[in-house]
Amino acid sequence: MSGNFSGGRIEAALQLSGAAQNRAVLESWQRCEQRFGLAHDTLRRPEVMPESQTRQLRDRNGRLYHHAHDLVRTLYRKIDASGYAVFLTDNKGVILDSVAAHSLLPAFRTNGLLPGAVWSEEREGTNGIGTCIVEGRAITIHKDEHFLSQHSALTCTAAPVFSPDGEVCSVLDVSAVRDDIKRTDCLRVRGMIADYAEALERILFFDERAGDIILHLHPESQHVGSTRDAMISIAPDGTISGATSMARRILRAASSSSDIRDVFEMDVDSLLAKFANQSAGRKHLHADIGRDQADPAMAVNIAGGGVLFGSITLPEKLRRQFVGRATSMPIPVKPVRAPKPETEMPDHDPALRRIFDIGSRLHARDINILMSGETGSGKEYLARHIHDAAVGKSRNFVAINCAALPEGLIENELFGHAGGAFTGAARDGFGGRIREANGGTLFLDEIGDMPLTAQGRLLRVLENRTIEPLGSTKSVPVNFRLMCASNVDLAKAVTNGTFREDLLYRIKGARLAVPALRERSDLADLITRLLGGMAANVACNEEVLAMLVAHRWPGNVRELLNVLQYACVFAENGVIRRDHLPDDFKVMASEADAKMSPLQTMKHAEEVALRQLLDDQKWHISNTAKSLGIGRNTLYRRMARLGIEKA
């Protein structure tokens, strides 16, 4: 076979680490020569899409690009000392995002590794990105293993990211342009990038299947609910709507059917009832303890033989139905009227509601959440609603603003102190705010302002789940769920040495970007609701409402509240007019109107109208395009021109 390849380069390419790698490279070389008609010595300029087209691709892959942004940079910080760069592609091998040291950018660009470049196997021959897409597994293409000789200076290690339907939707790639890299040097990078690709797959899975039942599975019960478990999503009609790559591997031997009955030998109602009855029974067994305990993983029979352990995560719309099914197994307890859960947010903005739904699911699984967003955008407000939905209002929600506490007091505030620990200490001691959150949620706002000494102690608490008050040698066990928020770039803070890198990895199980007030589509409704909570029968006239909706709100919800509270004081007959607004707000509004050209005014009106139409169509692109009488691609271009991202 090797004789078919000129120059004997295939012999060098096949001096590899294993049979699977030999096969992958050999078959890739065969495709390059026989199917794509490529030649080893072909010299070609890289195919790079125009910036506008690359931007459209990012918009179309909005969820992927959003969730991968921080993850790509975290991976880069892990390996940048070795002279590597990290790349994110779409399912066609087009680079959407990249991170590299500034000094190395010319070398990577010369070799065609830059945003917009197409690295499909058909275009660039055997390479990390393109061959990874074909193989559907992590792979390293080292120097002369590249089919095109012009790429022989590259060492590329790539791992696929799978969509819930099992297709490769993206590739994470780590590449280097160095002469001294050996194949064995890539083993550590390969394991690391595979882990990051799997983490991204799980985040996308939770996001894209937010409305379905999620079944968590693992052969060992202690790993159910962890990042090691497998997940499948089940639609209400009992069909399997998606699965993680690990789930596909586990269930491959059982069945390839999409019907839940063919996999678990029971329908979706029976499956839900089984988990519901166990959950209800466990709460009864532990009623004398005075608190709920986490349900253990349940044994689930697999069609054709075999047992896995599992648990379920339900979408909000099915929780009441799920609880109702628990009555199929009578439990001898005195009936009580359960309080009606108030887990719904009153906000109607699609992006905010999607974040709430994702956050509630993650928080219910005890996955740490890091919120980012501008000051005053409502991060604590959102965190409280997530807590109520995932944990319950009966559990403590302890919010601490790290920026508001003096550096000398923050450790005492968080961790507490023993009696007489220092001058002025309480005689009986102080438990600390973290202990107040025991059994509930701890929300650390502006965590980027926490002193380094307190960061170290917090890290130990998160790792050991125990707390040691100041002046004490006794450790106290604590059990809480964590949400943090910051309006600064914590990655830059790590680079600047003001924030611990290991703490960042610990708190950022998932990142939620809270939209600024000016980006929300429900602003008019929000204004009405806020006014209703301030004064009875107070409303804005049409002119004022238009001014408020058009304002950019640099101070976000906090600024809006101040303006409305001021206006309510002077409103006559329950109607807020322009002269009731604060003088500084009217000045800013007038200046903004003066700066807007007629073209800008028209663009703003078009943006508002299109956002409203997208909201009406629930952001269904095909239906929106049809209602406008245009094609999907035309609608995507219009959204990109107006700066509208898919919610």
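Just so it is clear, the values below take in all heavy atoms, side chains as well, and ignore hydrogens, waters and symmetry mates. Quick note: residue numbers are just sequence positions, from 1.
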Would you say that [X] contacts [Y] through its side chain, given a criterion of any heavy-atom pair below 4.5 Å between the two side chains?
X	Y	answer
Ile447	Leu458	yes
Lys508	Thr74	yes
Leu462	Leu503	yes
Leu75	Met192	yes
Val461	Phe480	yes
Tyr505	Arg77	yes
Leu444	Leu414	yes
Arg63	Arg354	yes

So if I apply the side chain to side chain contact (heavy atoms under 4.5 Å, CB included) rule between Phe356 and each of Leu512, Asp349, Asp347, Leu382, which one comes out positive?
Leu382

Test applied, side chain to side chain contact (heavy atoms under 4.5 Å, CB included); reference residue, Ile139; option that passes from Thr131, Ile133, Ile129
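In the set Thr131, Ile133, Ile129, the residue that makes a side chain to side chain contact (heavy atoms under 4.5 Å, CB included) with Ile139 is Thr131.
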
Report the distance from atom [atom1] of [X] to atom [atom2] of [Y], rounding to the nearest 0.5 Å.
X	Y	atom1	atom2	result
Asp212	Phe205	CG	CZ	8.0 Å
Leu482	Phe443	CG	CZ	10.0 Å
Arg638	Thr624	CZ	OG1	11.5 Å
Ile234	Thr239	CD1	OG1	9.0 Å
Ile369	Ile386	CD1	CD1	5.0 Å
Ile141	Leu154	CD1	CG	11.0 Å

Determine whether the side chains of [X] and [Y] contain a donor N or O and an acceptor N or O closer than 3.5 Å.
X	Y	value
Arg511	Ser372	yes
Arg395	Thr441	no
Asp173	Ser175	yes

Taking [X] for its side chain and [Y] for its backbone only, find out whether a donor-acceptor pair lies under 3.5 Å.
X	Y	answer
Trp119	Gly128	no
Arg481	Ala364	yes
Asn368	Arg506	yes
Ser311	His216	no
Asn438	Val478	no
Glu201	Ser245	yes
Lys379	Asp445	no
Thr244	Met231	yes
Glu51	Pro115	no
Arg73	His69	yes

Test side chain to side chain contact (heavy atoms under 4.5 Å, CB included) applied to Ala243 - qualifying residues, sequence neighbours left out
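With neighbours one apart ignored, the set is Ile232, Ala247, Arg248.
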
Gln455 and Leu459: CA distance, side-chain angles, deciding distance, side-chain contact (heavy atoms from CB on, under 4.5 Å) verdict:
CA-CA 6 Å; Gln455 291 177 31; Leu459 182 63; over 6 Å; no

What residue pairs, at least two apart or across chains, pass salt bridge (Lys or Arg N to Asp or Glu O under 4.0 Å) with a residue in residues 485-500?
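Applying salt bridge (Lys or Arg N to Asp or Glu O under 4.0 Å) to every pair that reaches into residues 485-500, excluding sequence neighbours, yields Arg500-Asp502.
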
So which heavy atom on [X] is nearest to which on [Y], and how close?
X	Y	answer
Ala176	Gly83	CB-O, 4.1 Å
Ala389	Ser360	CB-OG, 3.6 Å
Ala68	Leu88	CB-CD2, 3.6 Å
Gly448	Ser486	N-OG, 4.3 Å
Phe162	Gly166	CD2-O, 3.5 Å
Asn556	Gly376	CB-O, 3.1 Å

Under the salt bridge (charged side-chain N to carboxylate O under 4.0 Å, His left out) test, residues paired with Asp522 that sit two or more places apart
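Only Arg520 meet the salt bridge (charged side-chain N to carboxylate O under 4.0 Å, His left out) criterion with Asp522.
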
With Arg465 via salt bridge (charged side-chain N to carboxylate O under 4.0 Å, His left out) - residues at least two apart
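Per chain and number, Arg465 pairs via salt bridge (charged side-chain N to carboxylate O under 4.0 Å, His left out) with no residue.
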
Under the rule for ring-ring contact (aromatic ring centres under 6.0 Å, His included), what residues qualify as partners of His363, not counting sequence neighbours?
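ring-ring contact (aromatic ring centres under 6.0 Å, His included) list for His363, sorted by chain: empty.
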
Could I get the full list of ring-ring contact (aromatic ring centres under 6.0 Å, His included) partners for Tyr381, not counting sequence neighbours?
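With neighbours one apart ignored, the set is His385.
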
Are Asp165 and Arg209 close enough for a salt bridge, meaning some N to O gap below 4.0 Å?
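Here Asp165 does not pair with Arg209 in a salt bridge, since their nearest N and O are not under 4.0 Å apart.
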
Take atom NZ in Lys92; do more than 12 heavy atoms of anything else shown fall under 6.0 Å from it?
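No, not enclosed.
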
Show your reasoning for whether side-chain hydrogen bond (donor to acceptor under 3.5 Å, both in side chains) applies to Ser52 and Arg55.
CA-CA 5 Å; Ser52 60; Arg55 195 161 50 243; 5.3 Å; no

Check the pair Ile95, Thr89 against side-chain contact (heavy atoms from CB on, under 4.5 Å), reporting the backbone distance first and the verdict last.
CA-CA 4 Å; Ile95 296 177; Thr89 81; 4.2 Å; yes

Apply side-chain contact (heavy atoms from CB on, under 4.5 Å) to Leu504 and Leu370, showing your working.
CA-CA 9 Å; Leu504 177 58; Leu370 175 61; 4.1 Å; yes

Using the rule given for side-chain contact (heavy atoms from CB on, under 4.5 Å), can you reason through Leu526 versus Leu517, listing the C-alpha separation, both sets of side-chain angles and the distance that settles it, and then say yes or no?
CA-CA 10 Å; Leu526 175 61; Leu517 183 58; 3.6 Å; yes

